[in-house]
Amino acid sequence: MEYRGYDSAGVAIVSEDTINCVRAKGKVALLKEKCLTETLTGAVGIGHTRWATHGEPSEKNAHPHKDCTGDIFVAHNGIIENFQKLKDQLVKKGHRFVSETDTEVVAHLIEEYAKKEKDFAKTVRLALKDFHGAFGIVVLSKKNPGTLVAARFGSPLILGIGKEENVVASDATAILPITNSVIYLNDGDMVTLSGGSYEISNFKNGGEKLHRTTTTIEWTNGAAELGGFPHFMLKEIMEQPQALRDTMRGRLVPSEGTVKFGGLEAFENRIRSLDHITLVGMGTARFTCLVGEYALEELAGIPAKVELGSEFAYRSSAVNEKSALIAVSQSGETADTLNAIREAKRRGALTLGIVNVIGSSIAREVDAGIYNHVGPEVAVASTKASTSQALLQIMFALYLGRMRGRSKSDGQVLIKEMQKLPAHVERILKSADKIKALAKKYKKCENFFSLGRKYNVASAFEGALKLKECSYIHVEGINATELKHGPISLIDKNLPTIVVAPKDSVYEKNKSSIQEIKARKGPVIAITTEGNKELEKVADAVLYIPKTLEMLTPILAFIPMQLLAYYLAVERGTDVDKPRNLAKSVTVE
Ligand code: F6R
C-alpha cells in the first residue's frame, strides 16, 4: 500500500496466545527495521499505512489500534464520523484511550460488545452497526487466533483468493503479488477469514450470508514494479504512448468517423437526448475536465460545465433526468467525486464514469462507464491516467457529436489525428534531456506562473499542480488573459512563467502575454508547436510539441509539464513518488 502516500505504518500478527504489534512513524522501511528486532511469526496478521486525519503522524496514532485488554487489534481506512460521541460513552464506561485517532474507538467498542457476546464475528457486526462515516476495517482477536474479520462501508475493500492464503486489502495492487483472483466487496459486506476459507455476510442485515462472484484482475504484478526506472512517476510518464494506444484500442471506428464504448451501449438513447452535461473530478482529474468541457461544446454542441466533485451537492443547479454527470477519477475511490455521483442520482441525472481502477467504488456506482485501461498508476502524481482522461473525454464528445449531427468527415479528421498521438508523445519524450537541463537552471526558483488559454487552460492548471505537488515549488496556474487583471504585478526577473502557446486560435493572444511578461523582465519558458521558431526570439526557453488539432494540444502539452515537474523534484531532492502530505486515493471528504 506504500505508493498511496502515508506518514506512519504498523503491523499486528497473531502468534499462538499473543498478538505482537509494531508501529513506526515515517516510512515502511523504518517499520521493517523495527520488525527485525521483534519476534513476529504467525499466519494471521494485519498491516496499515496511515495518512493522518485525526491526530498528528506519530507512533502512538499509527494503526493497528487495540482495546484496553490487548485482545482486539484493528486497522481502518476512512473516517468514523461519530467517533467522539462513541468515545465519550466508552470513556464513561471506563475504557482508556491512548491515541487521538477515530479508529481506536472501533477496538474499544468491539471490546464492549465482547463482554456479552462471545462470537467474534458477531461482536464485530454489532459494533459496525454503530459507526457513521466511511470505513474499510480489519480486526484481529487474540481469543480467535486463526480468524480475521474485515468489513467495508464507503471505503474500498477487496478480498484476494490465493492458493494457500487469502488476503483482504483496500487496493488491488497490494493483492496482485499473491493472487489475481479477487472479490470486490460491497458496502455493508463483512468477510470472516479462517483456516483457508472465507465467508461473506451482510453486517447490516443480521449477518445474512452472501454470495459474491470472483473476478480475475488483468493487471500483471510487474505493472506495479519499477522495471529499471528510478521512480514510478518517470516510468508512468514514459508509458504514455502505450497508455494512449490502450485508451483508444477497439474504440475508434474510422469508417464511420466515430467512437464506440461498449459500456455505454445500453444508454445510447438517453445519452443522445441529453440537454446538459456536468463534468466532475478533483485535482488533476478535474483539470482534464476543462478539456472535456470545451470539446463537448465544440463537437456535440451541448452545454457543459466543470464542477469540483466536492461542491456539486452544495449547488442548486438545474440537474435533472435530461442531464448527465460524468465523474472522472483514476482511483475510482475519491470520496468527493463519489458524493457528486450520489447527489446526481438523487436529482435523476444519468451518471457516467471515466475510471482507471476496475471494480472501484465509482466504477460500480455509476450507471455506465468507460475504463481508461492504462494499467496501475503507482506514483501519487497522476500522469498517464490524466492524458488518458483528457483523450477519453474528447472521444466521448465525438461519440456524442456524431449522434447529434457532426459530420462523418469531421469525425474522420479527428480520429486520424488521435491515432497520431502516441507517436507525437514519443517525440516529446525524446526532449527529456532538454527539460532536465531546464530543471537544473530553474531549481532554485520558489515561485512560478503557468499560463494558458482555451483548451490549454487545462495544461496551465495541471502543469502548476504537477510542479507544486512534486517539487514543492509554489506555482500558480492562471488563464493567460487574467494576467493583466492583477497577477502581472508580481512579474520580475525572479519569477519565471511557463506559457502554453501552441499555434492555435489563441496563439496571437498568448504571444502578447509573453511580450507583456518580457517587458517586465520576467523569464519565460514557452511551449509551442514544432516549426514555430518565432518564440525563440522572445522566450528564454522554448519546448516543442508536434502539430496536432487544437483540441488535442493539451494531451501533448501535459507531457513537458510532467517532465519538468519530475526533474525539478529530482533536482530538489523531494520524495518524487510519494510527495509529503499526499495520498494516492483520497477516500475522505
Ligand atoms: C495530482 C493527483 C490528484 C488526483 C485527485 C483525484 O497529480 O493525482 O490531484 O487527480 O486526487 O484523484 P482520482 O483521479 O483518483 O479521483
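All values reported here derive from a predicted model rather than from experimental measurement. Atoms within a ligand are numbered from 1 in the order they appear, just like the ligands themselves.
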Looking at side-chain heavy atoms only, is the closest gap between Ile394 and Ile555 below 4.5 Å? yes

Could Glu571 and Lys440 be called an ion pair, given the rule that one side-chain N must be under 4.0 Å from one carboxylate O? yes

Would a line drawn from the ring center of Tyr566 to the ring center of His231 be shorter than 6.0 Å? yes

For Tyr6, is the NZ or CZ atom of Lys27 found under 6.0 angstrom from the centre of its six-membered ring and inside 45 degrees of the ring axis? yes

Mind telling me whether Phe83 and His54 have parallel, tilted or perpendicular rings, with 30° and 60° as the class edges? perpendicular

Under 6.0 Å from the ring centre and within 45 degrees of the ring axis: does the NZ or CZ of Arg347 meet both conditions for the six-membered ring of Phe312? yes

Show the protein residues that qualify under the rule heavy atom under 4.0 Å from an atom of ligand 1, listing them in chain and number order. Met282, Gly283, Thr284, Ala285, Ser329, Gln330, Ser331, Thr334, Val380, Ala381, Ser382, Leu465, Lys466, Glu469

